[in-house]
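Heads up, the thing below is written out as C-alpha cells.
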Amino acid sequence: MAESIGKATDLRTMFSLRKELTAQISVAADNVTEIPGLVSTSSNQEPTKPPEPDISELCKIHANGIIEGINQQQFWALRMLDSAGKPPANLLGGGFKWLGDYEECLDIEGQTVANNLTYAFGTQYCMVTVVNIQALPPILPLYTPLNIGMCMPNSCTVNDTQRLIDIAVKNVTNNLFIAYQAECQEPDRPYDTRAVIVLVVISFFISIMTAGTVYDITLIQWPKWQQTAKQKEPDAVVAVEANEKIPLITDSVQIVQYQPGIFGKILLAFSVYTNGSKLLSTHQPEGSLTAINGIRFISMTWVILGHSYIFVLSDVDNVGTFLPEMMKRVTFPAVSNALVSVDTFFVLSGLLLTYLVMKEMAKKRGKLNWGMFYFHRFWRLTPPYMLVLMVYVSLFPYTGSGPQWKKDGNEYNYCKTSWYYNLLYINNFFDKQEDSCFGWAWYLANDMQFFVISPLILLPLFYFQLAGFAVLLAFLTGTVVATGVMATTWNAPMSMFDGGDLTNWGEIYIRPYFRMGPYLVGMFTGYLLYKTDLKLKINKFVNLFGWLVAAVLACAVLYGIYDDVNGNRPSQEVSSFYISVHRTVWGAAVSWVIFACAHGYGGYVNTVLSWKGFIPLSRLTYCAYLVHPPIIYYYLLTRRRLIHFTDTEIIYEFLGHLALSYAAAFITSMAFEAPMMGLEKVIFKRQEKKKK
C-alpha cells in the first residue's frame, strides 16, 4: 500500500513515463467509477463516465516537452516539477491537500522543439482532484479526495489537464487512483459585464458621498465652526460684560444656519462627516437598554470566532490530529457550540421589537402605522444587504488569486437563479446548491419572517394580555414540539461534531419553525420590560437566585454536548430533547441578563456590558455580520500554504478577522447603510410636512 501511494505521488516517476503517456494520449478514456460526492462509501456499484474528449495537439507537444526537459535536467522543467504538490508529513492527520508553489509555477517560461519547430509556452497553476477507487485502510478510505497542485502548460485546457494526469496516475498506480477533476486558475482575466456595472455603481456611491461630504462641510459645518470660534474670542466676552443691558443672545452671536432644500438634504444623507459623527457617537437617549450594546458586540465577536474555526477546517494540514485534541478540552464547547450566539441575536430582536412597539402603541393610544412598521424594517435591512451581496458576488472573483482561489467566486453561477430568494427573505427554505446564495443570510430570512408574523402576538399582548400570553405560548409549544418530533424522525445528532447523521441537520438549523424559540422568549421579556417601565424592585435573594439559575442553564446548554462529541453519544430521545429546548433555554438565560441589568441589578456585569465604547461597535454589528464571511474567505483562498492549527495561530487569525470585519463594516455602513436611513428620514419628513 505504501509503495502504491509513493508511486502515485512521485511526480518524477510520473513524468518519466514518456512512452506510456504518448501511447495513451490519443486513446479514449477507460470506463471508470463516477465518484459520488467524493466521500467514503462502501458501495460496489460502478456507474460509468462518458468517454473524455481527446487532448489538444498543442497541449500534447508542450506536455512531451516538459517530460523531455525533466529527463535532460533543464532548469525550467525541473522548476515545473519542483512547484507541483507533493505528499506532506502528517498524511494520517488529514494532509490531503498538496498545494505546491503557486508563485514559482506562474514564474516559469517553458520551451520545447517538435517537428523542427521551437515552441515557447507559459504556465498555469491547476488543482487536480485525485481519488482512490480502491480502499487503502487505514490511511485512505474509498474515494478519499487528494487535491494536488500541478504546474501545467497554459496551452492545456481543464479537460486536457484532467486527462493527462488521469492517464499518468492510472498508469503508475495500476488503476488504483484516477484524476477525477481539475480546475485551473486564471489570475489576470478581464472584468465581465457584471463586474463593470457594479464598479460603475460603486463609483456613483463614491461620487455622491464625496459631493455630500463637501456640501456638508462647506455650507453646514464650516459656518458653525466659524461662529463657535468667534464666540470664544476674548474681545467678544469683554464687550458683553461691559454692558449688561445687551441681551445675552444678540445678532452678533446668533448662529444663522443654512437651510438646505430637498436636493441638499439628499446630499447630506450621504455625508461621511455627518454619518461618521452619528455612528461614532456614544450618546444614547434616556431609558435605553444599555447592556444590549455589549451583548450585541460580544455575540458578533463569538460568531466570528466560530466561523474562524469552521471555515478553515478544509485548509488545515493537521485537522485529523488537532480537532480531536481540541474536542477533549473542557473549555472547547464554547467554540464547538458557538452556534447559540445567533440565538442571542434572535432574543435581542424579539425583545427590542416588543419593548419599542408597546411603548409606541401606548403613546399613540393603540394606533400604529402598520405600513410604515413593515416598510421601515424592510428599508433598514435590505439596501445594505442587497448592495453587499451585489458587490461580493460580482467583484469577489477578481480581488485575489492563489492555489485555492475560486475564479468564479464562492456562489453557484453568480446567484443568477437565487438572488431574489434573498431579496424576498425566503432563502432559508431552499437547500439545493443552485438555489443557495449568500449562505449566512439564513439568519436574516428567519429574523424577517419572525418580524412579519409578530403582530399576531403584539396586538393580543397590548389589548388582551392573557390572550397574548396564550398566543405566544402556542407558538413556543409548536416550535419546541416540531423540533423534537423531526429531530427524532431524522435521527438528528446532538452536535454536528459527534459523527452522527447530518443529512437533515441543515433543515433543523435554518428553518424558521425550528428556530423561533429564542425570539419568542425575547418578545416575552420585552413585554415585561414595558410593563415594569424599568422600575421593578427585586429582592436581593431573588436577584441572586435568578443569576444563579441563568448561569447554570447557560452552562448546561453550552457544555451539555461535551460527552457527545467525545464519543459518549446519548440516546436519540436525549438528543432530541436537547435539540428541541436548548436554544429556548439559552434565550431565557440571556433574557435574564438584560432584564436584571435594565432594572439596575446587573452589578459589574451591567457595568461592563454598558461601557460606552460598545455603542458604536454595536451599531456596526449588522454590517459586520454581512461582510465578515468574505473577509475570512479572502484570507483562506489567497493563502499559498495550508494552515497548521495551533492555539497561537487561531488567536491571531481570529483577532485579524475581527478587526478587518469591523473596519469593512464601517466602510459598508458609511456607503450603504447610513445613507439609506438618512434618505428615509428625508422622504417621510417631507411627506409629513405636506400633510400638515
Side-chain angles (χ1 to χ4, degrees), residues 33-41 43 45 47 49-50 127 129 131 143 145 147 158 180-183 192 194 306-307 310-311 313-315 339 342 381-382 385-386 388-397 404-450 452 479 482-483 485-487 489-493 495-497 499-516 579 625-626 628-630 632-633 636-637:
T33 302
E34 184 172 352
I35 311 305
L38 300 184
V39 295
S40 299
T41 175
S43 173
Q45 186 178 359
K49 290 174 69 175
M127 182 70 75
T129 301
V131 295
Y143 301 148
N147 297 303
V158 171
Y180 176 69
Q181 64 183 12
E183 181 176 2
D192 62 7
R194 180 190 305 103
H307 286 168
I310 296 297
F311 287 10
L313 290 181
S314 62
D315 299 305
L339 304 175
V342 180
L381 298 180
T382 308
Y385 175 21
M386 288 294 107
V388 169
L389 186 152
M390 175 190 71
V391 173
Y392 165 66
V393 170
S394 302
L395 294 184
F396 188 80
Q404 301 186 88
W405 185 256
K406 296 183 179 181
K407 60 183 181 181
D408 293 320
N410 285 328
E411 305 299 337
Y412 179 84
N413 198 24
Y414 295 93
C415 295
K416 286 181 180 178
T417 60
S418 56
W419 65 270
Y420 50 87
Y421 296 147
N422 297 72
L423 177 63
L424 297 174
Y425 292 93
I426 58 174
N427 48 292
N428 58 330
F429 286 103
F430 299 90
D431 301 315
K432 294 181 180 179
Q433 183 184 15
E434 58 267 26
D435 295 329
S436 177
C437 178
F438 218 66
W440 56 100
W442 69 268
Y443 162 77
L444 302 180
N446 276 272
D447 191 72
M448 181 62 79
Q449 289 156 14
F450 299 155
V452 168
T479 188
T483 306
V485 169
M486 297 314 298
T489 303
W490 291 331
N491 293 317
S495 169
M496 63 183 297
F497 293 104
D501 183 6
L502 298 178
T503 303
N504 300 104
W505 188 86
E507 292 186 55
I508 293 178
Y509 189 70
I510 69 174
R511 296 290 194 265
Y513 33 81
F514 299 138
R515 296 303 300 258
M516 198 177 183
I579 294 169
Y625 185 82
L626 292 177
H628 82 274
I632 299 176
Y633 287 149
L636 295 177
L637 295 175

Carefully, step by step, assess W405 and F396 under the rule ring pair (Phe, Tyr, Trp, His ring centres under 6.0 Å).
CA-CA 10 Å; W405 185 256; F396 188 80; 5.1 Å; yes
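With Y414 contributing its side chain and E411 its backbone, the two residues share no donor-acceptor pair below 3.5 Å. A distance-only check finds no donor-acceptor pair linking the side chain of S436 to the backbone of Y412 [under 3.5 Å].
With contacts defined as side-chain heavy-atom distances shorter than 4.5 Å, the pair W490/T503 does not qualify. At least one side-chain heavy atom of V131 sits under 4.5 Å from a side-chain heavy atom of P145. A heavy-atom distance below 4.5 Å is not found between the side chains of N427 and C437. In this structure, Y385 and M448 have side chains that are not in contact, with every pair of non-hydrogen atoms separated by 4.5 Å or more. Within the 4.5 Å cutoff, side-chain heavy atoms of I510 are placed close to those of D431.
We find the CH2-CG distance between W419 and L389 to be 9.5 Å, quoted to the nearest 0.5 Å. In this structure, CG in D447 is found 9.5 Å from OH in Y425, a value given to the nearest 0.5 Å. Distance check, rounded to the nearest 0.5 Å: CG of D192 to CG of D408 gives 9.5 Å.
Evaluation of the side chain to side chain donor-acceptor pair (under 3.5 Å) rule for N147 yields T129 as partners, not counting sequence neighbours.
Residues R511 and N428 approach most closely at NH1-O, 2.7 Å, considering heavy atoms. When all heavy atoms are compared, the tightest approach of I579 to A487 is CD1-CB, 4.1 Å. Here the shortest heavy-atom pairing between N446 and P512 reads OD1-CA, 2.9 Å. When all heavy atoms are compared, the tightest approach of E183 to K406 is OE2-CA, 4.4 Å.
Aromatic pair F438/W440: centroids less than 6.0 angstrom apart.
Ring geometry for Y509 versus W505: interplanar angle under 30°, hence parallel rather than tilted (30 to 60°).
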